[in-house]
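Numbered from 1 within each chain, the chains take letters A, B, ... in sequence-line order.
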Amino acid sequence: MPAPLLRAIDIHKSYDQTEVLKGIDLEVYQGQVVALIGSSGSGKTTFLRCVNLLEEYQQGEIDLDGQPIGYRMANGRRQRLSERAVSAQRARIGFVFQSFNLFPHMTAEQNVMLGLTKVRGMASGEARERARSWLDRVGLSQRRDHYPYQLSGGQQQRVAIARAVAMEPRLVLFDEVTSALDPELVAEVLGVMQDLAKSGMTMIVVSHEMLFVRDVADRVVFMDGGRIVQEGPPAQVFKNPESERLRAFLGRFHGLFGA
Amino acid sequence: MFSFERGTFLGEVWIARFSLMNAMATTVELSFYIIVSGTLLGALLGVVLVYAAWPFRLLVRVYVDVMRGIPVLVLIFFWFFGLAFFKIHVSAFWSGVMAIGAFCAAHMAETVRGAIQSIPQGQTEAAKAIGMTFVPRLWYVILPQAARRVVPPWVNTAVEMVKATTLLSIIGVVELLLATQQAVARNYMIIEFYLAAAFCFFVINFTLSQIGAYLERRFAYMRY
């Protein structure tokens, strides 16, 4: 097997005295879709934010394409990289937020273009073309001149996905992206994600949509209390939960998994 | 009714017309310099208050609190007589601009700080997530949103500054109030002339609040 695209080694993170990540090890290979599941407070979102360097962590290492990101060792001491270096690394990792976080003063198209012109240094014509093609791909070619407040939650989230993937990141992180949506809007967002997964995008998905996880994920990782409790292909994890915690967690999804 | 005879209101206004018009121009100029410099410096200080390292924040915090805690008139005396004491020659006009401008900047700094801090953290994170560094993040994502929130309190402060220019009459800047006083000293038409001056200030300030209302409409699409 080739080297993993992303490797997290023994990630520890605490807020003051409370340790929320207690040693996370995870490898994600090119083209894989990895789903993080678990109840709230299990550390899924925190871990995802550590990967995109939105949170600092006290111990451990994250490698992207074999290169450590976020920190470096200098004279035996662990040091946060400069703002510039961290930003350059973030540009290679897409992030889609639960609450969309579109820029309200920009149209859908401008939202997607901003990173292309200001980070990638693309000419605006080329950036516009790429933004349009991504908005097209997520089914919003008719909405590209709309401001976020003129769009439904599902449409906003699809713009946010286009904004993340237009940067051509090495992998995209999805943080409970359907949790803030009305139930009838969930499907359109999951559809876009499924389409991305099929096209070979590497993705880490924190989700409570178990059907989506079962159908789309290559690997499921169950987290509890800041640790990874079990991981494996969906069929295996869902059919043979090894711990009481996972059985209880899956049991909440109304016998979806025959348990 | 519309008599321009000497001793009638209109007649006296006519006699004082150049003095009053110059004074009106002075008031507008003073206000313009004060509001523009106060806004620019205030925006800068507001950004420092939110983002800078603590020694800078502390420095600006002290500046803002001192400026806001001192009567404007004292500030005006401080600049006017203080600079003279150090043998720095600055006209009454410009020491007035500096005094009220410094006061204005302190108020604007607080306004800008509040506006920036009221923008959801998710905006910064979204900008970070696409790899934007601090300055472009501020320029393209945070400040345009902050600008919209600044508009209503900005109008408030600007209007206060226009009114504060009347205090400069005390150090001899012939702005609208002092020119009015001078005219009144000649003709004793106290009520009429002060009402007229009040009306002129109202016109200036009404214009400002209309500009504010226009900007608010202009930015109305920025909703969450």
Undergrad: Working to the nearest 0.5 angstrom, can you tell me the gap between A/Asn101 CG and B/Lys128 NZ?
TA: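 If we round to the nearest 0.5 Å, A/Asn101:CG and B/Lys128:NZ are 12.5 Å apart.
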Undergrad: More than 12 foreign heavy atoms under 6.0 Å from CD of A/Glu129: is that the case here?
TA: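 No, not enclosed.
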Undergrad: Any residues in residues 51-60 of chain A near chain B, with a heavy-atom distance under 4.5 Å, and which are they?
TA: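 Within residues 51-60 of chain A, the residues that come under 4.5 Å of chain B (heavy atoms only) are A/Asn52, A/Leu54.
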Undergrad: Take atom CD of A/Gln142 as the centre, draw a 6.0 Å sphere, and report whether it contains more than 12 heavy atoms from other residues, nucleotides or ligands.
TA: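 No, because the 6.0 Å sphere around CD of A/Gln142 holds 12 heavy atoms or fewer from other groups.
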Undergrad: Heavy-atom distance under 4.5 Å between the side chains of A/Glu83 and B/Arg137, does that happen here?
TA: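 When only atoms from C-beta onward are counted, B/Arg137 and A/Glu83 do touch, with a gap below 4.5 Å.
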Undergrad: What's the separation between atom CG in A/Asp175 and atom CD in B/Glu125, rounded to the nearest 0.5 Å?
TA: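 Rounded to the nearest 0.5 Å, the CG-CD separation comes out at 9.5 Å.
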Undergrad: Under 3.5 Å, is there a donor-acceptor pair between the side chain of A/His105 and the main chain of B/Tyr140?
TA: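 Yes, because the side chain of A/His105 sits within donor-acceptor range (under 3.5 Å) of the backbone of B/Tyr140.
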Undergrad: Find the distance between CZ (A/Phe103) and CD1 (B/Ile130) and round it off to the nearest 0.5 Å.
TA: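 CD1 of B/Ile130 is found 4.5 Å from CZ of A/Phe103.
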Undergrad: More than 12 non-hydrogen atoms from neighbouring residues, nucleotides or ligands closer than 6.0 Å to CZ on B/Phe78, yes or no?
TA: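 Atom CZ in B/Phe78 is not packed in, count stays at 12 or less.
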Undergrad: Within a radius of less than 6.0 Å around CZ of B/Phe56, do more than 12 heavy atoms belonging to other residues, nucleotides or ligands occur?
TA: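 Open.
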Undergrad: Any sub-3.5 Å donor-acceptor pair from B/Gln145's side-chain atoms to A/Pro104's backbone N or O?
TA: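 Side chain of B/Gln145 to backbone of A/Pro104: no pair is present.
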Undergrad: In terms of heavy-atom pairs under 4.5 Å with chain B, which of A/Gln89, A/Arg49, A/Lys118 leads?
TA: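 Ranked by heavy-atom pairs under 4.5 Å with chain B, first place is A/Lys118.
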Undergrad: With side chain to side chain contact (heavy atoms under 4.5 Å, CB included) as the criterion, how do A/Leu114 and B/Val141 come out once you've worked through the C-alpha distance, each side chain's angles and the decisive distance to 0.1 Å?
TA: CA-CA 9 Å; A/Leu114 186 69; B/Val141 175; 3.8 Å; yes
Undergrad: A quick test of your reading: do over 12 heavy atoms of other residues, nucleotides or ligands sit less than 6.0 Å from OH of B/Tyr214?
TA: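 At most 12 heavy atoms, drawn from other residues, nucleotides or ligands, come within 6.0 Å of this atom.
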